[in-house]
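For reference, the structure discussed in these notes is given below.
These numbers come from the heavy atoms of this one structure, side chains and all, not from hydrogens, waters or symmetry mates.
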Amino acid sequence: MKPETDNTFCYFPFSQLALKEWKDGLGIVSAAPCCNAIRPETPDPLHIADIIAKSEKKIMPTEIFYGPAMTAIRESMLAGNRPQACNTCWKMEDRGSTSYRIFSTLPDANEFDVNNPKMQCVDLSLGENCNLRCRMCQPGLSNKLRHDYNYFIENNLDTNGISGFEWKSDKQLTNIPTFLHNTGPNSHNKSHFWNGNEQWQNILDNIHNLREIKATGGEPTIVQPFLQFLDKAIEVDAAKNIHLSFHTNATKFNNQLVKKMLKFRGAPSLNLSIDSVGKNYEYIRYPMKWNSLVKSLDNLIAKFDENDRKLNLFPTIVLSALNAHYIPDLYKWYKERILNNDTVENCSFFVDLIWPDEKFINVKFLTKDIKLDLIKNFQTLAADHGSTMVKHVIKYLEENLDFDVTDEHRQNMLREITVFDKSRDQDYHEYLHPDIIKYLETRIT
């Protein structure tokens with residue numbers, strides 16, 4: 001059995017566990033078959049909170065994987081039903097797009113038995129330590145964004161409604177990690193992670209049973225637990241059996257890290273968080289310079305080429321009003337630099353929708369004329385690359401063509417853009433597309 005559009009099967013619930021949030025004293029507080037299952041409408045798909053409330057001890061990752069909630073999801077899929085924990089994929093498929101489920105893979109097909117699930121992979125968020133301050137991100141996912149957060153507080157800037165930065169209503173925000181709004185001196189250097197936690201030790205103790213490690217950050221290549229995992233796997237001679245798969249901003253591929261990566265099995269699968277090119281990239285993924293990013297990525301590719309090894313590289317773009325017009329330019333760069341590179345074994349180009357949906361820089365808040373132009377751009381892109389990676393974006397834009405965009409939406413987008421301009425000493429006129437600049441400065445009547 002494999003995932004198809006005419007069934008409800010997915011490899012993930014049978015082979016991996018996604019652990020995306022933990023809190024001091026409680027340990028793991030959210031888990032799922034895959035990271036995409038954890039959304040605002042399903043923040044706790046496996047009902048870990050209920051398990052914690054009934055138990056006097058922390059539940060181990062292996063206990064979660066083989067527990068009743070994951071078992072129920074597996075049984076539901078085999079019966080042809082749609083488990084609620086996987087609503088993210090069902091919504092994508094109902095829009096006519098290819099979902100994450102269809103792209104689900106197995107760490108080791110030779111060890112897979114649908115009737116005997118085995119935790120071959122763990123998918124971890126290993127802390128919020130990061131080196132960038134991306135405009136679509138939040139302080140709970142990048143500690144460096146606390147630079148901006150503290151700046152907003154110190155300068156009494158209005159961030160009401162700006163996702164993750166609503167400092168004026170901190171006391172009303174309860175269902176979030178406690179570290180999301182850490183403030184004060186050096187808060188940008190503080191990071192919460194799994195290291196030292198007995199549940200993390202459970203993963204390390206079972207490292208010989210793993211065939212894949214997936215990771216997100218922060219930025220995994222600088223997060224302490226991820227580096228600890230690499231060193232541990234190498235030390236106990238498990239690395240040769242483990243495939244690396246992680247999200248990265250691709251800015252830290254130095255010789256030391258690449259040397260460690262080469263000790264792991266096969267071609268690593270890297271989701272490259274690169275949202276634009278040139279100055280527009282630098283605006284969004286501050287304070288990284290475009291040339292420094294390219295140099296890091298070139299070093300990764302060169303070192304794997306020298307060792308006659310392959311890479312799987314998957315640029316993953318977060319669509320927003322900031323970069324929507326420049327995504328075709330990014331695709332052109334991607335074709336020249338990655339798609340046609342002999343060292344790259346597998347690759348794709350995926351444009352993801354911004355989260356949360358009500359974030360002020362969402363493309364849904366642009367005028368109908370701008371959205372129509374963007375649809376044409378993405379249709380051209382789909383014709384060249386293949387529709388599966390951008391079809392859902394076209395559908396999303398079409399669904400929101402008649403969205404009632406008001407001047408309040410324009411003002412909110414402008415406010416979100418300009419407060420970050422102030423904290424970074426930037427000016428959007430130097431970085432954004434002319435159509436976006438015109439929209440920001442033209443009152444909607």
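To the nearest 0.5 Å, atoms CG (Asn160) and CG (Leu157) are separated by 13.0 Å. One finds the CG atom of Leu272 at 11.0 Å from the OG1 atom of Thr251 (value rounded to the nearest 0.5 Å). With values rounded to the nearest 0.5 angstrom, Phe314 atom CZ is found 13.5 Å from Ile274 atom CD1. Residue Ser269 holds its OG atom at 4.0 Å from CG of Asn312, rounded to the nearest 0.5 Å. The distance from atom OG1 of Thr367 to atom CZ of Arg410, rounded to the nearest 0.5 Å, is 11.5 Å.
Residue Lys259 places its NZ atom among 12 or fewer non-hydrogen atoms of other residues, nucleotides or ligands, all under 6.0 Å distant. Few gaps surround NZ on Lys310; more than 12 heavy atoms of other groups in view lie less than 6.0 Å from it. Open room surrounds CD on Glu408; 12 or fewer heavy atoms of other groups in view lie less than 6.0 Å from it. Surrounding NZ of Lys260 are more than 12 heavy atoms belonging to other residues, nucleotides or ligands, all under 6.0 Å away.
Residues meeting the side chain to side chain donor-acceptor pair (under 3.5 Å) test with Gln411, sequence neighbours left out: Asp407. Not a single salt bridge (Lys or Arg N to Asp or Glu O under 4.0 Å) links Asp6 to another residue, sequence neighbours left out. In terms of the ring pair (Phe, Tyr, Trp, His ring centres under 6.0 Å) criterion, residue partners of Trp333 (sequence neighbours excluded) are, by chain and number, Trp290. For Phe403, the ring pair (Phe, Tyr, Trp, His ring centres under 6.0 Å) criterion is met by Phe365, His409, not counting sequence neighbours. Taking the ring pair (Phe, Tyr, Trp, His ring centres under 6.0 Å) definition, one finds that Phe253 meets it with nothing, sequence neighbours left out. With sequence neighbours left out, the ring pair (Phe, Tyr, Trp, His ring centres under 6.0 Å) criterion links His433 to His325, Tyr326. Among residues two or more places apart in sequence or in another chain, the side chain to side chain donor-acceptor pair (under 3.5 Å) test is passed with Arg101 by Asn7, Glu93. Partners of Thr316 according to the side chain to side chain donor-acceptor pair (under 3.5 Å) rule, which considers only residues two or more places apart in sequence or in another chain, are Asn271. Not counting sequence neighbours, the partners of Thr221 by the side chain to side chain donor-acceptor pair (under 3.5 Å) test are Glu219.
Panel note: side chain Glu128, backbone Gly140; no donor-acceptor pair is recorded below 3.5 Å. A donor-acceptor distance shorter than 3.5 angstrom exists from the side chain of Thr8 to the backbone of Asn81, with no hydrogens or angles considered. Distance alone, capped at 3.5 Å, places no donor-acceptor pair between the Ser142 side chain and the Gly218 backbone. Judged by distance alone, the side chain of Gln199 and the main-chain N or O of Ile28 form a donor-acceptor pair under 3.5 Å.
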Verify ring pair (Phe, Tyr, Trp, His ring centres under 6.0 Å) between Phe165 and Phe152, making sure each step is shown before the conclusion.
CA-CA 8 Å; Phe165 294 88; Phe152 300 153; 5.8 Å; yes
Residue pair Met136, Trp355: steps toward the side-chain contact (heavy atoms from CB on, under 4.5 Å) verdict:
CA-CA 8 Å; Met136 60 291 201; Trp355 178 88; over 6 Å; no
Working note: Glu154 + Tyr149, criterion side-chain contact (heavy atoms from CB on, under 4.5 Å); need CA distance, chi angles, decisive distance, verdict.
CA-CA 9 Å; Glu154 292 164 2; Tyr149 187 76; over 6 Å; no
Going through the distances and angles, do Arg285 and Ser273 end up as a side-chain contact (heavy atoms from CB on, under 4.5 Å)?
CA-CA 9 Å; Arg285 291 196 169 263; Ser273 299; 3.3 Å; yes
Apply ring pair (Phe, Tyr, Trp, His ring centres under 6.0 Å) to Phe378 and His392, showing your working.
CA-CA 10 Å; Phe378 281 107; His392 64 292; 9.1 Å; no
Test side-chain contact (heavy atoms from CB on, under 4.5 Å) on Met92 and Thr98; report intermediate values, then the result.
CA-CA 7 Å; Met92 291 180 70; Thr98 305; over 6 Å; no
Step by step, would you call Phe226 with Phe229 a ring pair (Phe, Tyr, Trp, His ring centres under 6.0 Å)?
CA-CA 5 Å; Phe226 182 71; Phe229 182 93; 7.3 Å; no
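A salt bridge (charged side-chain N to carboxylate O under 4.0 Å, His left out) check over residues 292-305, counting only residues at least two apart or in different chains, returns the pairs Asp298-Arg337. Pairs engaging residues 424-441 under the salt bridge (charged side-chain N to carboxylate O under 4.0 Å, His left out) rule: Asp148-Arg424 [sequence neighbours left out]. Residue pairs meeting the salt bridge (charged side-chain N to carboxylate O under 4.0 Å, His left out) criterion with at least one member in residues 343-359, sequence neighbours excluded: Asp357-Lys364, Glu358-Lys364, Lys359-Glu416.
Remark: Arg74 is positioned above the aromatic ring of Phe65, its terminal NZ or CZ atom under 6.0 angstrom from the ring centre and at most 45 degrees off the axis.
Ring orientation note: the planes of Phe9 and Phe14 are tilted relative to one another, at an angle of 30° to 60°.
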